[in-house]
Every structure is written in structure tokens, then in C-alpha cells.
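Since we're looking at a predicted model, the values are computed, not measured. Just so you know, these numbers use all the heavy atoms, side chains as well, and skip hydrogens, waters and symmetry mates.
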Amino acid sequence: MPDRPQTTDLLVLAAVARAALHRGERNEATLRDVLAHLALGLRGAAARDVASRLEALTVAGRLQEGRRHGVAVWSLTPAGRRALGGATAGTPALPESPQHRAWRGAHVLALLELPRLRAALRDELRDARVLLRDPGASSEDWFALAERLRLSAWRVGSATHCLYEWAEPSDAAADVDPGGRGRRNVTLWGRSVRHRRGRR
């Protein structure tokens with residue numbers, strides 16, 4: 001893995017610009033956003049250095065500070081954009097963006113997990129066939145199965161989307177899931193304990 005670039009004022013400006021762009025209509029970035037675009041943790045000397053640079057760049061007129069829901073946010077001023085665009089060495093190279101990192105991680109995880117998720121759905125469908133043959137099945141059996149079927153089918157759909165339908169994002173725009181429904185939330189693919197009804 002390449003070394004993280006040394007933090008400079010220009011790199012912080014570039015991180016604010018990209019973070020604000022990826023926030024979509026808000027067009028502003030929190031400290032947490034900026035640190036994520038610099039691939040830095042929330043604590044430690046490097047994070048404190050970035051916070052200090054944000055304040056200094058604000059005083060210098062290259063950033064504008066505001067507040068949203070009580071949280072400090074920053075955006076580039078015209079002077080900040082000129083400084084970034086006029087850098088003699090060009091725009092500094094940032095680490096991989098959070099949205100690209102999320103896409104890459106979901107893509108790899110879907111490749112690994114889709115067979116397991118399909119197998120889990122097959123198990124639920126087998127349970128459904130067992131229930132259909134059981135005249136003594138209760139409504140609770142059916143409702144419990146319905147929930148498991150819904151979750152298993154959703155997980156297969158989510159992994160299918162992440163593997164085959166989620167296009168690799170460009171850093172030139174915010175990557176927003178047009179379908180919504182949280183289908184890119186890979187944490188919902190977790191290995192939950194299944195309370196399965198005994199077969200008769």
C-alpha cells in the first residue's frame with residue numbers, strides 16, 4: 001500500500017473540496033469528512049494537525065466555516081479555489097475516496113458472500129415447501145418464515161446489486177444510490193442465528 005501523502009495546506013484544501021463535492025447538495029465538509037478523505041483517524045496528532053490547518057485556512061480566507069446542526073462545516077472560498085487551482089505542482093493527489101473505498105469493499109465482499117446468501121435463501125425456500133405440506137402449521141410459523149424469506153431475498157438482491165449493478169464511482173461527483181432502500185449496506189448481510197422451525 002502506498003504511503004499516505006504528507007499533510008499540507010493544499011492537501012487539506014483538496015480534501016475539503018472533494019469531501020464537499022461528495023456530500024452532494026450540502027457542498028460542505030465536516031472535520032470527520034475531511035479526515036476520511038485524507039484516510040486519517042478521528043484522533044491523534046495527524047487529526048489535530050488537520051483541525052489546526054482548517055482553522056488557519058479559515059483565518060487566511062481560503063475556507064469559510066459555518067455550522068450545521070451544531071457541527072462545524074467548511075467550504076472553499078473563491079480564494080481557496082484559486083489557491084488549489086493555481087498550485088504549481090497541480091492538485092495534490094488524495095488517498096482513495098471514501099465512496100470508492102465503499103464501492104470496492106462491497107464489490108469484493110459480494111463476490112465472496114453471494115454464494116452463501118443464495119444458499120441461505122434456498123434453505124428458507126425449502127422450509128416454505130415443508131410448511132406447505134404441513135396442515136398443522138400455525139400462523140406464527142408462517143409469519144416467522146415470511147420475515148426470514150424477506151431478509152434472505154433482500155440480502156441476495158443487495159449483494160447482486162453490489163456485484164453486478166453498482167458502477168465504479170468517479171471522484172468527480174457524489175455517488176448516490178438511485179434505488180435507495182439501503183441496498184448498499186453490506187452490514188445487513190451478517191450471519192444471524194436462524195431460529196428454524198423443526199421439521200415434521
Side-chain angles (χ1 to χ4, degrees), residues 1-111 158 161-188:
M1 178 179 252
D3 291 336
R4 183 183 296 117
Q6 181 180 1
T7 303
T8 63
D9 285 352
L10 281 176
L11 194 66
V12 171
L13 287 175
V16 171
R18 189 174 76 178
L21 177 66
H22 290 184
R23 294 274 294 205
E25 292 180 1
R26 292 183 181 177
N27 201 30
E28 59 196 15
T30 65
L31 174 59
R32 179 185 293 267
D33 295 332
V34 175
L35 291 173
H37 281 261
L38 292 170
L40 294 173
L42 296 176
R43 292 180 174 78
R48 289 192 296 273
D49 177 54
V50 170
S52 295
R53 288 178 187 274
L54 288 170
E55 296 300 332
L57 288 165
T58 301
V59 171
R62 293 184 173 181
L63 289 176
Q64 176 177 326
E65 184 178 356
R67 298 197 82 75
R68 180 176 288 274
H69 306 300
V71 177
V73 293
W74 286 268
S75 57
L76 264 68
T77 62
R81 294 192 183 283
R82 285 194 299 273
L84 195 56
T88 55
T91 303
L94 289 164
E96 181 182 23
S97 68
Q99 69 180 24
H100 192 275
R101 196 159 55 241
W103 168 83
R104 180 172 50 82
H107 190 82
V108 170
L109 187 61
L111 183 66
S158 175
H161 168 76
C162 291
L163 184 57
Y164 299 115
E165 300 163 3
W166 185 358
E168 182 174 2
S170 162
D171 280 345
D175 182 39
V176 179
D177 179 6
R181 299 190 298 275
R183 61 184 174 176
R184 295 177 177 178
N185 186 354
V186 300
T187 62
L188 298 179

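- Among Leu54, Val73, Leu42, the single residue meeting the side-chain contact (heavy atoms from CB on, under 4.5 Å) criterion with Leu31 is Leu54.
- Listed by chain and residue number, nothing satisfies the salt bridge (Lys or Arg N to Asp or Glu O under 4.0 Å) test with Arg48 (two or more places apart in sequence, or in another chain).
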Would you mind writing out the side-chain donor-acceptor pairs for residues 9-17 within the sub-3.5 Å range, not counting sequence neighbours?
| from | atom 1 | to | atom 2 | distance (Å) |
| --- | --- | --- | --- | --- |
| Asp9 | OD1 | Arg53 | NH1 | 2.7 |

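- Side chains of Asp177 and His161 form a contact here, defined as non-hydrogen atoms less than 4.5 Å apart.
- With sequence neighbours left out, the side-chain hydrogen bond (donor to acceptor under 3.5 Å, both in side chains) criterion links Arg68 to Glu28.
- The nearest pair of heavy atoms linking Pro169 to His100 is O-CD2, 3.7 Å.
- Arg62 places none of its side-chain heavy atoms less than 4.5 Å from the side chain of Leu76.
- A search for salt bridge (Lys or Arg N to Asp or Glu O under 4.0 Å) contacts involving Arg104 returns Glu96, not counting sequence neighbours.
- For Arg101, there are no salt bridge (Lys or Arg N to Asp or Glu O under 4.0 Å) partners at least two apart in sequence or on another chain.
- Summarising the geometry, atom CG belonging to Leu109 is positioned 11.5 Å from atom NE2 belonging to His107; distances are rounded to the nearest 0.5 Å.
- By the side-chain contact (heavy atoms from CB on, under 4.5 Å) test, Ala106 is found to be paired with Cys162, Trp166, Val186, residues two or more places apart in sequence or in another chain being considered.
- For Ala79, the side-chain contact (heavy atoms from CB on, under 4.5 Å) partners two or more places apart in sequence, or in a different chain, are Thr77, Arg82.
- Residues Pro95 and His37 share a closest heavy-atom pair of CD-O, 3.4 Å.
- For Leu188, the side-chain contact (heavy atoms from CB on, under 4.5 Å) partners at least two apart in sequence or on another chain are Trp154, Asn185.
- Pairing each heavy atom of Ala29 with each of Ala20, the nearest pair is CB-N, 4.0 Å.
- Residues passing the salt bridge (Lys or Arg N to Asp or Glu O under 4.0 Å) test with Arg18 are Asp171, sequence neighbours excluded.
- To the nearest 0.5 Å, atom CG of residue Leu163 and atom OG of residue Ser158 are 11.0 Å apart.
- Remark: Arg23 engages Asp33 in a side-chain hydrogen bond (donor to acceptor under 3.5 Å, both in side chains) (not counting sequence neighbours).
- Every residue two or more places apart in sequence or in another chain was checked for a side-chain hydrogen bond (donor to acceptor under 3.5 Å, both in side chains) with Trp103, and none qualifies.
- For Ala72, the side-chain contact (heavy atoms from CB on, under 4.5 Å) partners at least two apart in sequence or on another chain are Glu65, Arg67, Trp74.
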